[in-house]
Amino acid sequence: MPHDPDPPPAKKFKPGSPFFPTNKKPGMLLPKKGNAPSTVDVQRKQLPIYQAKSQLIDQLRQLHNAVLIGETGSGKTTQIPQYLYEAGIGRQGIIAVTQPRRVAAISLAGRVAEEKRTQLGKLVGYTVRFEDVTSPETKLKFMTDGMLLREAIGDPLLLRYTVVILDEAHERTVHTDVLFGVVKCAQRKRKEQNKIPLKVIVMSATMDVDLFSQYFNKSPVLYLEGRQHPIQIYYTKQPQSDYLHAALVSIFQIHQEAPPSHDILVFMTGQEEIEALARTCRDIAKHLPETCGLMIVIPLYASLPPAQQLRVFQPAPKGCRKVILSTNIAETSITISGIKYVIDTGMVKAKRYNPDSGLEVLAVQRVSKAQAWQRAGRAGREASGSCYRLYTENEFDNLANMTVPEIQRCNLAGVMLQLLALGVPDVLNFDFMSKPSPESMRMAGEQLDLLGAVERKDDQVSLTPLGKKMACFPLEPRFAKTILISPDFSCTEEVLTIISLLSVDSVLYNPPARRDEVLAVRRKFISSEGDHVTLLNIYRAFKKVSGNREWCRENFVNSRNMGLVAEVRAQLRDICIKLGLKLESSLSELANVRRCLAHGMFANAAELQPDGTYVALDTHQTVAIHPSSVLFQAKPAYVVFNELLHTSRCYMRDLCLVDADWLQEAAPEYFRRKIHTAKS
DNA sequence: GAGCACTGC
């Protein structure tokens, strides 16, 4: 270990209160703990929730709304749908259980089908994007919240469903938040119209219970105890100025004192810092005395190739400790067993949205209390554990209670389009659980107006025929618009490819250590027309070799993401066919494609200034070409770009060369005073 | 001349 004059922070830790995630409240439903289960039925009966079964069924039978608080391991998500079904509640229709994530919906459906001893897709099924494993027999349906939202466009009263269970509600994704309003409205209207009632059950891990209960007509809150083990929380005595150093010292403090089978999970903010700390840890571990056990350091973040992500699940060799350095992916998406110690830096990298500038900023910031508890909980899944917080108890007390709901920190154009498609009459006064700012609502309305998606009649906003078609696509409004106008430029096939490429994580793989190789091999795809055309070239080359994996490796193309592009493209193409769009290809005439992009993305245009800088025409802010763009060294007079990202400067990413004429013809009124210098 | 957490339709 490097020489360090300060005592290690772990020595400076002081114990906080032991953490039991659910506050015991009067009237709560108490479980009995069981031993190792043998069969599926026995397992079901040994879940904490089983003891409360009949009481729960009685309550849920009578209630139209209920909020269920239950920790992980309580069995609420798998059992409650079955209890309802077995008790004959909601049998006239389907019981839907929504999840924020695809994998969760799929695996829960699998688990419940197994418990019901039926083939997946019969009584129990799931629906996620690209996969519908249901049949007319399906009564218990697991689905992503985004999927139910999309279904609601065709059926705003959700008449196929008798019960909707909104699970993981505490995560407050945009989709869940919009669904809150949709199910509440459907419930009220069905009552008014004397239709079969809709039961709404909100499930949450912890926190903001009052908000849920208030929103759903002061519905009763039921508490379920889980199988979480106690976790001892430690805080530092002094604030830490360098959380990375504090993490490093804490890791080795634990490593030297704890039994080797006890694994450590460290929550950090991003790839770069994780890889750097991993290297340091490995270096230090090499020079430890032999009395100290071995250590295996495993980085974990989303952009890691799948094979490397799987390493976190492999048990460490005997006598060796696993130290996992992870982003917040390990908070919810990836659950690792055997974690005894959690080290929480208290920091997270998150996107913030500024509605005034339309700018997204990715910044390191403090976690919320809810997030800190979620992180701590990862240490107590199989046995009791410890969580070392690299901040003081006072600092903890000053954290925000919960993370700001996503709906209050994102661009709302898509949400507003969807609400209008749902037939919500007064979007500005939609019954949100947490209202977005009027400013971001106004911005969204303006964006839709510019795209020609909405029209105003006597203060009422409604969708134009174009807007209705835009809402059919699972895309940002401007992307949907670009596809819809592509037949005018006879290039729908190319635009479908480009929009699909922009809708998934990057298909370009850029390992920094092999930078020169990457540049050399990518040269053959590069187009002076910009990044969109370059991406199109790569996709065409990929198709030519039928998606050959070897080709992907040689050309530094991410084959998983390329596969996803093909799926998205097929889905979008289907929608085009349903809408009767003419599918033409412009082949080598790529100016058509650029002209189409100019028409669809004109609000994201920038103009070269005499001094060599760029100005975004929409907001007049100074922007720059991101060095990763193929146009970085070029100085085109006009470009459209895919997004602005504020880091060291305000960068445009994914650029396409366009003519000023095209922008003017796309939105003459809008550009009348905006374009002033010479045309390109 | 930069460097980007995580989901989802």
Side-chain angles (χ1 to χ4, degrees), chain A residues 98-105 127-132 143-154 168 171-179 267-276 300-304 326-334 345 347-352 360-365 367 371 374 403 405-407 409-410 414-415 417-418 421 470-477 479-480 499-500 503-506 508 510-513 515 519 564 567-568 571-572 574-575 624-633 642-654:
Chain A
T98 70
Q99 294 292 321
R101 280 170 292 280
R102 291 165 50 93
V103 274
T127 306
V128 298
R129 191 183 187 183
F130 305 129
E131 263 189 286
D132 181 13
M143 61 206 301
T144 45
D145 44 19
M147 209 64 216
L148 184 59
L149 203 52
R150 204 134 269 288
E151 279 190 18
I153 292 179
E168 310 283 7
E171 291 193 26
R172 305 292 305 273
T173 67
V174 184
H175 289 154
T176 316
D177 263 34
V178 177
L179 270 180
F267 282 102
M268 305 177 50
T269 70
Q271 170 175 354
E272 205 176 3
E273 124 190 332
I274 285 172
E275 292 292 356
L300 179 64
Y301 43 87
S303 63
L304 216 54
S326 174
T327 60
N328 43 346
I329 193 171
E331 264 172 36
T332 48
S333 301
I334 293 180
T345 59
M347 306 304 277
V348 65
K349 199 178 286 182
K351 224 168 214 171
R352 273 187 284 197
E360 289 182 327
V361 183
L362 198 59
V364 173
Q365 47 201 297
V367 296
Q371 233 174 333
Q374 178 72 26
T403 312
E406 197 185 356
I407 199 146
R409 50 187 174 89
C410 71
V415 169
L417 184 71
Q418 214 152 18
M470 282 166 63
C472 296
F473 289 91
L475 292 172
E476 284 177 50
F479 287 164
I499 298 298
S500 305
S503 307
V504 304
D505 285 339
S506 177
L508 307 178
N510 296 316
R515 193 169 157 270
L519 286 177
L564 203 56
E567 277 192 296
V568 172
Q571 185 193 21
L572 300 180
D574 276 350
I575 296 169
I625 299 179
H626 194 276
S628 67
S629 170
V630 299
L631 293 180
F632 179 63
Q633 273 154 4
N642 189 32
E643 62 172 355
L644 280 181
L645 188 78
H646 194 101
T647 52
S648 59
R649 300 165 76 180
C650 193
Y651 283 111
M652 302 180 274
R653 299 183 57 194
D654 295 317

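Chain A is the first sequence line, chain B the second, and so forth, proteins listed ahead of strands; every chain is numbered from 1.
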Both N328(A) and S503(A) contact DNA chain B. Which one's nearest nucleotide lies toward the 5' end?
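The residue closer to the strand's 5' end, by nearest nucleotide, is N328(A).
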Map L475(A) and K349(A) onto DNA chain B by nearest heavy atom, then report which one ends up closer to the 5' terminus.
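Comparing both residues, the 5'-ward one is K349(A).
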Categorize [X] for me: base, sugar-phosphate, or nothing, with a 4.0 angstrom heavy-atom threshold over every strand shown.
X	result
Y651(A)	sugar-phosphate
R649(A)	nothing
R129(A)	base

Would you mind telling me which of [options] lies closest to the side-chain atoms of [X]?
X	options	result
V128(A)	dG1(B), dA5(B), dC9(B)	dC9(B)
H175(A)	dC6(B), dC9(B), dA5(B)	dC9(B)
T327(A)	dC9(B), dT7(B), dA5(B)	dA5(B)
T144(A)	dG1(B), dC9(B), dC6(B)	dC9(B)
P627(A)	dC9(B), dG1(B), dC4(B)	dG1(B)
R102(A)	dC6(B), dA2(B), dG8(B)	dG8(B)

Heavy atoms only: give me the nearest L300(A)-I274(A) pair and the separation to one decimal.
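Closest approach of L300(A) to I274(A): O-CD1, 3.9 Å.
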Whole Å only: how far is the [atom1] atom of [X] from the [atom2] atom of [N]?
X	N	atom1	atom2	answer
F130(A)	dC9(B)	CZ	P	8 Å
L564(A)	dC9(B)	CG	P	10 Å
R172(A)	dC6(B)	CZ	P	22 Å

Tell me every residue that passes ring-ring contact (aromatic ring centres under 6.0 Å, His included) with Y651(A), counting only those two or more places apart in sequence or in another chain.
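Partners of Y651(A) under the ring-ring contact (aromatic ring centres under 6.0 Å, His included) test: H626(A).
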According to a strict under-4.0 Å criterion, is T332(A) in side-chain N/O contact with OP1 or OP2 of dC6(B)?
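For dC6(B), OP1/OP2 do not have a side-chain N/O of T332(A) under 4.0 Å.
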In Å and rounded to the nearest 0.5 Å, what is the OH to CD1 distance from Y301(A) to I334(A)?
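Rounded to the nearest 0.5 Å, the OH-CD1 separation comes out at 12.5 Å.
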Could I get the full list of salt bridge (Lys or Arg N to Asp or Glu O under 4.0 Å) partners for R101(A), not counting sequence neighbours?
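Partners of R101(A) by the salt bridge (Lys or Arg N to Asp or Glu O under 4.0 Å) criterion, ordered by chain and then number, come out as E171(A).
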Residue E567(A) excluded, over 12 heavy atoms near CD under 6.0 Å
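Counting other residues, nucleotides and ligands, CD of E567(A) exceeds 12 neighbours.
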